[in-house]
**Q** 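First the structure, which I've put down as structure tokens, then a few questions once you've had a look.
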Amino acid sequence: MGAIQALRGTRDILPDEVKYWQQIESTARTILSRAAYQEIRTPIFEQTELFERGIGEATDVVGKEMYTFKDRGERSVTLRPEGTAGAVRSFIEHSLHAQGGVQRLWYTGPMFRYERPGAGRQRQFYQLGVEVLGSADPRADVEAIAIATNLLQTLGLKNLNLDLNSLGTPEDRQQYRDALVAFLTPYKSDLDLDSQDRLSRNPLRILDSKDQRTQAIVQEAPSILDFLGADSRSRFEKVQQLLSELGIAYQVNPRLVRGLDYYSHIAFEIQSDQLGNQATVCGGGRYDGLVSQLGGPNTPAVGWAIGLERLVLLLQQLSAAPQSMLDFYLVSRGDRAEAQALVLAQKLRQSGFAVELDLSGSAFGKQLKRADRSGALACLILGDAEAENQTVQIKWLVSGEQQAIAQADLLSNPDSLQQRLAEFRAQAAQ
RNA sequence: GCGAGCGUAGCCAAGUGGUUAAGGCAGUGGAUUGUGGUUCCACCACUCGCGGGUUCGAGUCCCGUCGUUCGCCCCA
């Protein structure tokens, strides 16, 4: 009725949900910085050409999902549909390779694709990703994978599957592609319509068609693993061996392909069985050719990206919701006490406590109700009666225990309060 | 872009052609409670996403549209 709503495929993340996003971000920061990854922040829009060249013009992402428009200077501009192209552009533009060694970068932020929205898929969506530039060592692939599994496990996720494949070199892949087309062509009329279409355009994608008849045919198709050259094969084996050394479980899935053109050699996906159609939480792989393709020096690279709204969905299914960090909830009755409560709140905050002051002006009983709901560890009650003027009652919401102490004492000994709060926080955590 | 389901208050919902649209939670106001969330009363959808149609009469049927969910597609 005239009220403006968020655009289709976009949505508001309200405070209750933001808790999960912050949990992810802070956990990621910790884990990534321990592994010497550095954050990079690149623009949300770039020249359209960057994505056309980087992701591949034949891909669906570039072909029909980009938010592309002309700016007021008639430049063709595109809202980034993924993070790798921008990070690589920045790497080249600022000659980060000149710093020598390996650059480990991570990023997070909104991405944009014009898709049909659904649970775990938005038009403005968020990814957190890493890019490791300058190492062809299989340990780089495995380290990156290990960081991803470590992050997901630390967040408490279980029942994740790691699928692994090798796409080989571009030459390996071309040979396989020819063989696959040769194999599938006689069955063309038995394939689902999408796959028939892809036979000429992007035959590898037929491998992960969900159509049952197509799947049956594909079962018998040649495997890309038989087309890997000696170098590709030994890399793939090395990666598997190193994963085993780390105790990371995986399955080789020769039908795992990537939607973006820039991948080569290792490709992987981490999937959850609890997300229905949008099962892939994390996807990535090696892209040795991308940097040079975008005009930079020949630089081997590997990376992955996590879809954050899917990760949030999984986190929300876990029982443990992120806790409120509120220490005190302040309630009062009467004019004088209200003013005192304001002053006390300020002083406690300056002493390092998290304090919410009840501003509702509601009846006292309702204030207490709100105190309970606030998640605070303790409720401070300021009364208005003469005898109560200098006294604050502390109600420990966790244990039910209650005590009255003078305001002066409350502020003169913040250490002991801090200690009590720590005890109650531990109690509340159980 | 295609196929199917759904759309009643902030939330959960009853209602399946017939006069004034149940109920619960939350919210607001008041009474009670001299202090831990009680109890009681009142208020809280001229309207059923929006627009049109059928009908004497529509939340209920039809069409369109928007939104949403699931699948296809795509992808993280």
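Sequence lines set the chain letters: A, B, ... in the order given, protein chains first and strands last, and positions in each chain run from 1.
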**Q** With rounding to the closest Å, how many angstrom separate the C1' atoms on B:A21 and B:A9?
**A** 11 Å
**Q** List, one per line, each side-chain donor-acceptor pair under 3.5 Å for residues 49-57 of chain A, sequence neighbours excluded.
**A**
from, atom 1, to, atom 2, distance (Å)
A:E49, OE2, A:R53, NH1, 3.2
A:R53, NH2, A:Q293, O, 3.3

**Q** A:R198 vs A:D194, test: salt bridge (Lys or Arg N to Asp or Glu O under 4.0 Å). Steps then yes/no.
**A** CA-CA 6 Å; A:R198 280 181 295 204; A:D194 286 313; 5.5 Å; no
**Q** C1' atom, B:C41 versus B:U19: distance in rounded Å?
**A** 29 Å
**Q** Please produce a list of atom pairs where a protein N or O lies less than 3.5 Å from an N or O of nucleotides 24-28 of chain B.
**A**
from, atom 1, to, atom 2, distance (Å)
B:G27, OP1, A:R373, NH1, 3.4

**Q** Would B:C46 be called syn or anti here, given the cut-off of 90° from 0?
**A** syn
**Q** Which residues satisfy the ring-ring contact (aromatic ring centres under 6.0 Å, His included) test with A:Y107, sequence neighbours excluded?
**A** none
**Q** Applying a 3.5 Å limit to both distances, which nucleotide forms a Watson-Crick or G-U wobble pair with B:A21?
**A** none
**Q** Between N or O atoms, less than 3.5 Å apart, protein on one side and nucleotides 67-76 of chain B on the other: list the pairs.
**A**
from, atom 1, to, atom 2, distance (Å)
B:U68, OP2, A:R8, NH1, 2.8
B:C70, OP2, A:A119, N, 2.9
B:G71, OP1, A:N277, N, 3.3
B:C72, OP2, A:N277, OD1, 2.6
B:C72, OP2, A:N277, ND2, 2.9
B:C73, N3, A:R121, NH1, 3.4
B:C73, N4, A:R121, NH1, 3.2
B:C73, N4, A:N277, ND2, 3.3
B:C74, OP1, A:R198, NH1, 2.1
B:C74, OP2, A:R198, NH1, 2.9
B:C74, O2', A:E65, OE1, 3.4
B:C74, O2', A:E65, OE2, 2.8
B:C74, O2, A:E115, OE2, 2.9
B:C74, O2, A:R121, NH1, 2.6
B:C74, N3, A:R121, NH1, 3.2
B:C75, OP1, A:G259, O, 3.2
B:C75, OP2, A:R205, NE, 2.9
B:C75, OP2, A:R205, NH1, 2.9
B:C75, OP2, A:R205, NH2, 2.7
B:C75, O2', A:R113, NH1, 2.9
B:C75, O2, A:R310, NH1, 3.1
B:C75, O2, A:R310, NH2, 3.1
B:A76, OP2, A:R258, NH2, 3.3
B:A76, O4', A:Q127, NE2, 2.8
B:A76, O3', A:G283, N, 2.1
B:A76, O3', A:A305, O, 3.0
B:A76, O2', A:T280, O, 2.9
B:A76, O2', A:V281, O, 3.0
B:A76, O2', A:C282, N, 3.4
B:A76, N7, A:R310, NH2, 2.9

**Q** If the condition is ring-ring contact (aromatic ring centres under 6.0 Å, His included), which residues does A:F353 pass it with, not counting sequence neighbours?
**A** A:F328
**Q** The criterion is salt bridge (charged side-chain N to carboxylate O under 4.0 Å, His left out); which residues satisfy it with A:R173, sequence neighbours excluded?
**A** none
**Q** Is it possible for you to check whether A:R123 lies under 6.0 Å from the centre of the six-membered ring of A:Y114, through NZ or CZ, and within 45° of that ring's axis?
**A** yes
